[in-house]
Structures are given as structure tokens and as C-alpha cells.
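Note sheet for the following structure.
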Amino acid sequence: MITPLDLPDFPWDSLAPYKARAVAHPEGIVDLSVGTPVDPTPELVRRALAEAADAPGYPLTVGTTDLRTAICEWFERRRGVPGLGLDAVLPTVGSKELVAWLPTLLGLGAGDVVGIPAVAYPTYDIGARIAGASSVVAQSLTGLGPLTASTTPKLLWLNSPGNPHGQVLGVEHLRKVVEWARRHGVVVASDECYAELDWREGQFGTSTPSILHPDVCDGSHEGLLAVYSLSKQSNLAGYRAAFVAGDPTLVAAILAVRKHAGMIMPTPVQHAMAVALRDDTHVATQRTAYARRREQLLAAVTRAGLRVDHSEAGLYLWATRGEDCWTTVSELADRGILVAPGSFYGAAGQRHVRIALTATDERIAAACTRL
């Protein structure tokens with residue numbers, strides 16, 4: 001008899017009744033519950049996709065040489081990470097797929113532990129469950145307590161800038177994590193998908209620190225992986241364009257399984273992704289649009305009596321009235337505004353809501369008026 005995986009219900013399904021109330025607003029819903037891009041995919045990327053549309057043969061799981069070269073160039077230019085070899089990067093079919101399957105791809109299973117942030121993207125935990133492993137909150141290294149062979153995580157997830165709260169981990173913090181992980185033989189996977197969206201004073205237009213930066217890891221990528229997606233910076237969520245980079249030994253192990261499983265990015269997407277990575281202009285344009293929406297929404301949310309915590313980077317405002325998150329969700333739904341409850345991201349988020357910046361200028365303006 002087949003035993004289904006013991007997975008929780010998909011969180012966003014529970015928002016359905018609140019969405020129905022928001023839809024019923026006389027002026028329509030403003031959906032700020034999901035971080036899905038709404039602006040057009042850049043023309044140069046769409047053109048590149050069309051140019052590569054004649055693709056009758058199977059693509060390479062490892063990715064084309066041109067794409068892997070573009071990833072290495074991007075890391076050096078935008079993240080300050082020089083010297084990545086082609087064997088240290090690998091395209092993935094979106095970043096969520098990689099997050100969900102990484103524990104399995106690395107061979108984790110029953111009895112193994114995956115460390116995740118206290119407030120975290122739910123898929124970190126789901127990935128551990130799919131592999132048959134378990135997850136443990138590892139907000140601080142001391143919070144794990146005395147380590148034994150059975151309690152030491154095999155894999156530790158970092159997320160900076162964080163989803164949902166937009167917190168940025170600095171170089172010194174990342175250095176301490178890397179040093180600790182290497183002492184204990186722990187693989188560190190850093191989800192850096194919002195790195196190009198840093199709103200801190202003096203940081204606009206720059207990117208946040210990467211786990212692979214020499215100041216963090218002393219130039220050695222042993223035991224380290226960085227995950228990145230073009231969904232946010234380039235409006236390519238529909239393309240499923242992402243990659244993982246870092247320790248060549250770990251990348252090779254991931255590649256070996258992906259070859260067997262047929263986990264391959266389509267050839268036209270590989271070409272379009274390389275083009276997108278080499279163009280910084282469209283990223284700057286999109287960043288400016290989100291900055292404008294963030295400024296307007298932040299002011300309106302604050303005027304409405306919510307406190308915004310962290311939110312110094314990324315695509316969300318992490319807001320609270322000091323009440324249960326579902327109470328806030330309900331009140332905003334009555335105004336035709338749908339947001340995500342913080343409880344989706346762990347018990348530590350129970351009194352916050354996540355408000356996305358991913359709506360058109362017109363819808364953001366409507367939300368500000370209603371608030």
C-alpha cells in the first residue's frame with residue numbers, strides 16, 4: 001500500500017475565504033499576499049527566448065557553457081565573488097524546486113536534521129520532510145544547544161535578505177556561521193534570491209553580502225551553496241530561471257542526481273537567462289519601481305497603525321499591530337486588501353503579516369487610499 005508523504009496542507013489554501021471577501025470589495029481586490037511579479041518580462045529577455053525557440057534536442061542538465069559563464073560573470077560583477085569555475089554553478093528549474101529537493105539531492109534521510117530560520121519560507125521545512133529528515137529552528141548557533149551526532153544539522157539554511165521579514169545578515173554574522181559549520185561538518189545553503197533589492201540607506205543599487213564572498217568564507221567555498229533566482233530581479237517567475245553555486249563537490253553531487261531524474265532547464269530558457277544575467281539596466285529599472293511602491297506603501301501602512309519590522313531589503317513589509325496575524329488579515333480583507341499571515345512562516349511570525357510590493361502602481365495606490 002502506498003503511504004503518502006506526511007506534509008501539511010498548502011498554507012495559501014487557508015486564505016481562500018479572506019480572498020473572497022477582498023474580491024467582493026466594490027473597487028476590487030488588491031492582492032499583496034504573494035510575491036509574484038506583475039511587471040512585464042524585459043523585452044531583451046523575451047527576444048532571447050524567441051531566438052532560441054528552435055530547440056529539438058534534449059538540453060544539458062549541467063547547462064550550456066554560455067549560461068554557466070554568465071552566472072560566473074554575474075557573481076563577480078554583482079556579488080563580488082571572483083574565480084567561480086564552470087563546475088561550481090548549476091541551473092535549476094526555479095529556486096523553490098531546488099529548495100524543496102536539496103536535502104534529498106544531498107542524500108539526507110531519516111534521522112538527519114535540517115536547520116532552518118525561526119521565521120522562514122515554508123519550503124525549507126517541506127524539503128526536510130520530503131527527504132524523510134526533520135527540521136529544527138536554528139535562529140542562533142547557541143540555540144541548538146550542546147551538539148551530538150544525532151542533533152547536529154547535516155544542512156543549515158540561511159536566508160538573507162529574508163523572506164518574509166527582509167532582514168539582511170551582515171558579513172560578520174555570515175563569517176561566524178561559516179566558521180561554525182566547518183568545525184561541525186555542516187553544509188550551509190544560503191537562499192539569496194532577494195539580494196538585488198536592498199533598501200538600506202546608502203545601499204540602494206548594491207547587493208547584499210553573499211555566503212560565497214571572500215570576506216565571508218576566506219575564498220574557500222567548501223561546504224557552501226548559494227541559491228539565486230531571476231524571478232524577482234528580472235520578472236522571470238514564469239520562466240523558472242534560477243541556479244545554485246558554490247562547492248564544486250556538492251554541485252557535482254547535485255548534478256549527478258538531477259541527470260538521473262531529468263531535472264533540466266529548457267534550452268530556450270537557458271539562453272534567455274544568460275542574456276538577462278548580462279544586463280544590469282533592466283534590473284535597475286525594476287528596482288526603482290519597487291522602491292517607489294515600497295515608499296508609498298510603507299507610509300500608508302505606518303499611518304494605518306501598523307509597525308514595520310526589519311524590511312530593509314526584499315519585496316515585503318513585515319508588519320504588526322501586536323495582535324494575532326489572522327485578525328489583521330481579516331480587517332485588511334474587509335478593505336479589499338489581501339496579505340499573508342505571519343504564521344505561514346513559523347510560530348515566531350504569529351503576530352505579523354507579510355505585505356508584498358508586487359502589485360501595479362495603480363493597485364498600490366488603491367491600497368494606500370484604503371489604508
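Everything quoted here is computed from the prediction, not taken from an experiment.
Checking Y121, Y124, Y228 one by one against D191, the side chain to side chain donor-acceptor pair (under 3.5 Å) holds for a single residue, Y124.
A313 approaches V168 most closely through the heavy-atom pair CB-CG2, 3.6 Å.
Classification of R278 and D66 as a salt-bridged pair holds, one side-chain N sitting under 4.0 Å from a carboxylate O. A salt bridge does not link E179 with R183: every distance from a Lys NZ or Arg NE/NH1/NH2 to an Asp or Glu carboxylate oxygen is 4.0 Å or more. We find that K176 and E172 are not joined by a salt bridge, their nearest charged nitrogen and carboxylate oxygen being 4.0 Å or further apart. In summary, R175 and D215 do not engage in a salt bridge, as defined by a charged side-chain N under 4.0 Å from a carboxylate O.
A20 pairs by the side-chain contact (heavy atoms from CB on, under 4.5 Å) definition with nothing, not counting sequence neighbours. For A276, the side-chain contact (heavy atoms from CB on, under 4.5 Å) test picks out V45, L230, S234, L236, H282, with sequence neighbours left out. Annotation: ring pair (Phe, Tyr, Trp, His ring centres under 6.0 Å) contacts of F75 (sequence neighbours excluded): F243. By the side-chain contact (heavy atoms from CB on, under 4.5 Å) test, E201 pairs with no residue at all, sequence neighbours left out. For P56, the side-chain contact (heavy atoms from CB on, under 4.5 Å) partners at least two apart in sequence or on another chain are D54.
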Which side-chain N or O atoms in residues 97-108 pair as donor and acceptor under 3.5 Å with protein atoms at least two apart or in another chain?
| from | atom 1 | to | atom 2 | distance (Å) |
| --- | --- | --- | --- | --- |
| E97 | OE1 | V93 | N | 2.9 |
| E97 | OE1 | R258 | NH2 | 3.1 |
| E97 | OE2 | R258 | NH1 | 2.6 |

